[in-house]
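Encoded as structure tokens, the structure appears first; notes follow it.
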Amino acid sequence: MNRTNLKHILCFFVFPISFQFCYHSDKPSQQYLSLLGANALNRKITIVGDSLAQWSNGFGLKQKLPSEFTVTDLSVAGYSTEDWLQNKNRLNEIPTQIWILELGTNDAMVYGTSGFETRTRSLIDFLQNSQNSIVYLTLIPRTNMSSIRETIRTNNETLRQIKSQKQNVETIDVESVFESYQGNVPLYPVSDPIHPNQVGYEIMGELYRKKILGI
């Protein structure tokens with residue numbers, strides 16, 4: 001069944017944990033309609049991220065979103081905000097109305113908190129100056145690596161401050177959802193404290209989907 005023809009309820013259930021995401025609306029919400037604007041049939045989203053996005057196939061957003069959305073994932077494993085600033089001209093090549101920035105893990109590992117705010121603001125300014133667009137900042141999960149958890153927490157607070165000070169900037173609070181998670185299945189494999197498992201990636205994808213659709 002085509003997603004765009006669903007009118008009542010769309011649910012994702014991750015077994016065996018009791019974790020459920022549902023969409024149950026006959027009409028798009030006001031936030032969704034506002035986000036779509038006049039060009040509702042061709043809404044373009046670009047993900048600018050690191051290995052979390054790249055290894056999860058852009059959090060499955062190509063499959064999760066209705067057909068009027070075109071999702072491009074430019075994410076590169078190992079990239080930080082500094083790497084994207086050095087390669088920012090690549091971002092001018094794709095017309096985009098919604099940018100998803102999923103960065104910060106590599107910043108925490110390489111730079112700590114030093115310069116994170118300046119680099120993030122520079123990247124946002126570049127994206128918004130080159131195109132009329134909305135920027136979604138991801139408050140990334142703190143990971144299971146104890147040495148960078150506090151750094152990520154501090155950098156996420158910086159992102160919250162940036163959001164409160166800049167127009168057309170929103171946040172996706174993955175951090176809080178991961179921290180409050182009480183499911184039976186861990187969000188990280190034992191062998192990898194940095195990259196979530198499929199359950200964790202599904203949570204992230206659903207948070208992006210709901211934010212984009214305003215549900």
Side-chain angles (χ1 to χ4, degrees), residues 31-108 115-141 152 155-156 158-175 177 201 204-215:
Q31 183 179 350
Y32 181 27
L33 292 174
S34 174
L35 187 62
L36 290 178
N39 191 18
L41 297 179
N42 189 18
R43 202 68 185 173
K44 297 183 184 301
I45 298 173
T46 302
I47 304 173
V48 181
D50 51 30
S51 56
L52 269 67
Q54 187 183 44
W55 293 4
S56 65
N57 191 27
F59 307 105
L61 287 178
K62 291 180 181 180
Q63 293 75 41
K64 290 178 178 294
L65 292 171
S67 59
E68 62 262 30
F69 290 90
T70 299
V71 179
T72 301
D73 182 15
L74 298 180
S75 302
V76 180
Y79 264 34
S80 65
T81 51
E82 178 63 25
D83 293 301
W84 274 116
L85 284 172
Q86 292 180 7
N87 292 275
K88 62 184 180 182
N89 289 335
R90 289 182 57 195
L91 305 177
N92 268 334
E93 299 172 359
I94 301 177
T96 299
Q97 288 82 44
I98 303 171
W99 298 96
I100 294 177
L101 296 190
E102 178 276 303
L103 296 167
T105 305
N106 296 307
D107 286 82
F116 182 71
E117 179 176 0
T118 299
R119 293 191 302 273
T120 300
R121 286 182 179 273
S122 296
L123 188 54
I124 294 170
D125 289 343
F126 175 79
L127 297 176
Q128 292 187 326
N129 288 337
S130 61
Q131 302 188 47
N132 183 19
S133 57
I134 297 172
V135 177
Y136 288 161
L137 301 175
T138 303
L139 306 182
I140 61 169
I152 290 175
N155 286 345
N156 281 342
T158 297
L159 296 182
R160 290 184 176 95
Q161 293 174 10
I162 292 174
K163 183 263 182 185
S164 69
Q165 297 166 358
K166 296 184 73 67
Q167 294 183 343
N168 295 325
V169 173
E170 299 290 339
T171 55
I172 310 291
D173 195 350
V174 180
E175 176 191 29
V177 174
Y201 283 137
M204 295 184 74
E206 283 299 298
L207 289 173
Y208 290 122
R209 183 183 72 90
K210 289 182 176 181
K211 183 69 173 184
I212 291 166
L213 298 182
I215 57 178

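These numbers come from the heavy atoms of this one structure, side chains and all, not from hydrogens, waters or symmetry mates. Along the sequence shown, residues are numbered consecutively beginning with 1. Model, not experiment: these values are computed from the prediction.
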Under 4.5 Å between any side-chain heavy atoms of [X] and [Y], yes or no?
X: L65; Y: R43; value: no
X: W99; Y: I124; value: no
X: T105; Y: S51; value: no

For [X] against [Y], the heavy-atom pair lying closest together:
X: F116; Y: G104; answer: CE1-CA, 4.2 Å
X: V174; Y: P141; answer: CG1-CD, 3.6 Å
X: K62; Y: V71; answer: CE-O, 3.1 Å
X: K88; Y: F126; answer: O-CE2, 3.2 Å
X: L61; Y: R209; answer: CD2-N, 4.0 Å
X: N87; Y: D83; answer: ND2-O, 2.8 Å

Tell me if the CD atom of Q167 is crowded by more than 12 foreign heavy atoms within 6.0 Å.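 It does not: Q167 CD has 12 such atoms or fewer within range.
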
Can any side-chain N or O of [X] pair as donor or acceptor with the backbone N or O of [Y] at less than 3.5 Å?
X: Q131; Y: Q97; value: no
X: N156; Y: I140; value: yes
X: N92; Y: N89; value: no
X: Q54; Y: G78; value: no
X: T138; Y: L101; value: yes
X: Q128; Y: N168; value: yes
X: S75; Y: G49; value: yes
X: E170; Y: Y136; value: no

In chain order, what residues pass the salt bridge (Lys or Arg N to Asp or Glu O under 4.0 Å) check against D173, with sequence neighbours excluded?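 D173 satisfies salt bridge (Lys or Arg N to Asp or Glu O under 4.0 Å) with R160 once adjacent residues are dropped.
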
Any chance you could measure [X], atom [atom1], to [Y], atom [atom2], to the nearest 0.5 Å?
X: E82; Y: S122; atom1: CD; atom2: OG; answer: 9.0 Å
X: L159; Y: T120; atom1: CG; atom2: OG1; answer: 5.5 Å
X: N106; Y: T81; atom1: CG; atom2: OG1; answer: 9.5 Å
X: T96; Y: N132; atom1: OG1; atom2: CG; answer: 12.0 Å
X: E102; Y: Y79; atom1: CD; atom2: OH; answer: 14.5 Å
X: L74; Y: I100; atom1: CG; atom2: CD1; answer: 11.5 Å

With sequence neighbours left out, write down each residue that passes side-chain hydrogen bond (donor to acceptor under 3.5 Å, both in side chains) with N57, or none if nothing qualifies.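 For N57 there are no side-chain hydrogen bond (donor to acceptor under 3.5 Å, both in side chains) partners, ignoring immediate neighbours.
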
Classify the side-chain pair N155/T158 by whether it contains a donor and acceptor separated by less than 3.5 Å.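 No donor-acceptor contact under 3.5 Å links the two side chains.
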
